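Computed from a prediction, not measured in an experiment: that's the story for all the values here. By convention here, the first residue in the shown sequence is residue 1. For the numbers below, each heavy atom of this structure counts, side chains included, while hydrogens, waters and symmetry mates do not.
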Amino acid sequence: MRPPDDPEGFIRTNTRLLPVPHAPEIRLHVADEATALWQRTEDELQEIGLPPPFWAFAWAGGQALARYLLDNSALVAGKRVVDFASGSGLCAIAACLAGAGHVTASDLDAFAVAAIRLNAAQNGVSERIAPTQANLIGAAFDADIVLAADVFYERDLAATVTDWLIGLQREGRTVLIGDPGRTYLPKDRLTCLATYTVPVMRSLEDAEVKRSHVWRLND
C-alpha cells in the first residue's frame, strides 16, 4: 500500500475538531459519519479495501481508558508509556496530560500516525508523544505501562495481541485495557478497574451510550 500524499490535509478536510464526549479535556479531529469517510479514504488512495478509519472516532474503550488515566494520574506520572493501536491518539494524549514522561503511540495506518501528530499538537503534548507506524508486536521497546483500547474485535488479531500482552505483563509491565466487552476480550485474564457510561456514535456501536470498562491484565 502506498502512503497517502497528504494525510494531514485529508484529515483536516474531512474531520472536525471536537471535544471527546467522556474526556472533554481532550479535543480530536473526528468524523461526523463513518461510511462516507471510508469511501473518501479509499478514493484518496485510489485503492479498495483500505483499513477502516479507526483514527477518526473516539471509540468506547478508548474514551473509558482516557477518562481513567485523567482521573488516576499517579498511575502514569513520570512513566514511559506505549499506546498500542493508538488510532486517534486519544489514550496517548490522556497519558501525557496525566503526567507521563514519554508516550509511544503506535498504529499501522499512516492516516492514524498523521492524526496522532495533529491531535497531539492540538492538545499541547507533541513533545512527549512519539507516533510510529512500526508493528510493535514482538518488538523490543522500553515502557513501564502498555495501553490497549478497542483491539479485541477480531478473533485472530485478538489472540495474537492477547499472547503478546501477557508476555509484556510477565516481563513486569502494567497492561491497561479499555474495552466495552467485545467478543474476543480475554475476560478470564482481566480485573475490572472502572466502568463508565460512554457517549458513542450510533453508526459505530448501534447505540448512543455504551457501558465501557477499564481492565488490568493479570498473569
Side-chain angles (χ1 to χ4, degrees), residues 18-30 54-107 112 115-116 119-120 123 125 128-131 136 143-153 157-158 161-162 164-166 168-169 173-187 189-201 204-205 207 209-218:
L18 295 173
V20 174
H22 207 60
E25 301 95 321
I26 299 171
R27 291 166 60 84
L28 299 177
H29 290 82
V30 294
F54 295 121
W55 50 267
F57 306 98
W59 296 83
Q63 290 197 57
L65 184 51
R67 183 73 269 155
Y68 187 77
L69 294 172
L70 291 169
D71 291 344
N72 296 273
S73 59
L75 285 171
V76 295
K79 300 292 182 61
R80 299 163 300 167
V81 177
V82 163
D83 183 24
F84 173 72
S86 186
S88 66
L90 169 57
C91 294
I93 292 165
C96 283
L97 293 177
H102 183 270
V103 181
T104 299
S106 76
D107 203 290
I116 293 165
N119 291 328
N123 289 277
V125 293
R128 284 182 289 139
I129 289 184
L136 296 187
D144 305 300
I145 297 173
V146 178
L147 310 175
D150 300 293
V151 298
F152 296 99
Y153 55 87
L157 173 63
V161 170
T162 297
W164 174 64
L165 292 176
I166 289 170
L168 296 177
Q169 193 274 339
R173 296 177 171 100
T174 298
V175 178
L176 299 178
I177 293 168
D179 197 283
R182 302 190 193 280
T183 302
Y184 302 107
L185 182 72
K187 289 185 179 179
R189 292 186 173 274
L190 303 177
T191 298
C192 185
L193 301 177
T195 299
Y196 303 96
T197 301
V198 178
V200 292
M201 189 178 291
L204 296 175
E205 301 281 9
V209 295
K210 201 169 186 72
R211 282 174 60 83
S212 193
H213 316 277
V214 176
W215 314 81
R216 184 182 66 242
L217 181 66
N218 305 314

Does the Asn123 side chain pair with the main chain of Val125, one donor and one acceptor, at a distance under 3.5 Å?
no

Going by heavy atoms in the side chains, are Phe54 and Tyr153 under 4.5 Å from each other?
yes

Quick one: pull up CG in Leu147 and CG in Asp83 and give me the separation to the nearest 0.5 Å.
5.0 Å

Can you tell me how far CH2 of Trp164 sits from CG of Leu136, rounded to the nearest 0.5 angstrom?
5.5 Å

Inter-residue atom distance His29.NE2 - Trp55.CH2, 0.5 Å rounding
10.0 Å

Interatomic distance, Leu193 atom CG to Arg216 atom CZ [nearest 0.5 angstrom]:
5.5 Å

Close side-chain approach of Glu25 to Leu70, heavy-atom, < 4.5 Å:
yes

Ser88: partners by side chain to side chain donor-acceptor pair (under 3.5 Å), with sequence neighbours left out:
none

Can you tell me if Trp215 uses its side chain to pair, donor with acceptor, with the backbone of Lys187 under 3.5 Å?
no

Kindly write out the residues that satisfy salt bridge (charged side-chain N to carboxylate O under 4.0 Å, His left out) with Arg128, not counting sequence neighbours, or none if the list is empty.
none

Nearest 0.5 Å, please: how far is OG1 in Thr162 from CG in Leu217?
8.0 Å

Would you say Leu65 and Leu176 make side-chain contact, with heavy atoms under 4.5 Å?
yes

I'd like to know if the side chain of Gln169 reaches the main chain of Thr174, judged simply by a donor and an acceptor atom lying under 3.5 Å from each other, with no hydrogens or angles considered.
no

Stepwise salt bridge (charged side-chain N to carboxylate O under 4.0 Å, His left out) check, Arg182 with Asp150
CA-CA 8 Å; Arg182 302 190 193 280; Asp150 300 293; 3.0 Å; yes

Are side-chain heavy atoms of Leu185 and Leu190 found at a separation under 4.5 Å?
yes

Are side-chain N/O atoms of Asp107 and Ser86 paired as donor and acceptor at under 3.5 Å?
no

On a heavy-atom basis, which atom in Leu165 and which in Val175 lie closest, and how many Å separate them?
O-CG2, 3.9 Å

With rounding to the nearest 0.5 angstrom, report the CD1 to CZ distance, Ile177 to Arg189.
11.0 Å

Contacts of Phe152 meeting ring-ring contact (aromatic ring centres under 6.0 Å, His included) (sequence neighbours excluded), chain-then-number -> none

So which heavy atom on Val198 is nearest to which on Ser212, and how close?
CG2-CB, 3.9 Å

Kindly give the heavy-atom pair with the smallest separation between Val151 and Ala85, and that separation in Å.
CG1-CB, 3.7 Å

Which atom pair, heavy atoms only, marks the closest approach of Ile129 to Ala120?
CD1-CB, 4.0 Å

When every non-hydrogen atom of Ala58 is compared with those of Leu28, the smallest separation belongs to CB-CD1, 4.5 Å

List in chain and number order the residues that pass ring-ring contact (aromatic ring centres under 6.0 Å, His included) with His22, two or more places apart in sequence or in another chain; answer none if no residue qualifies.
Tyr196

Heavy-atom closest pair, residues Pro180 and Gly61
CD-N, 4.1 Å

Ile145 and side chain to side chain contact (heavy atoms under 4.5 Å, CB included): which single residue from Leu69, Val81, Val82 fits?
Val81

Side chain to side chain donor-acceptor pair (under 3.5 Å) involving Thr195 - partner list, sequence neighbours excluded:
His213

Pro21 and Gln63, any side-chain heavy atoms less than 4.5 Å apart
yes

Cut-off 3.5 Å, no hydrogens considered: what does the side-chain donor-acceptor table look like for residues 90-106, sequence neighbours left out?
none

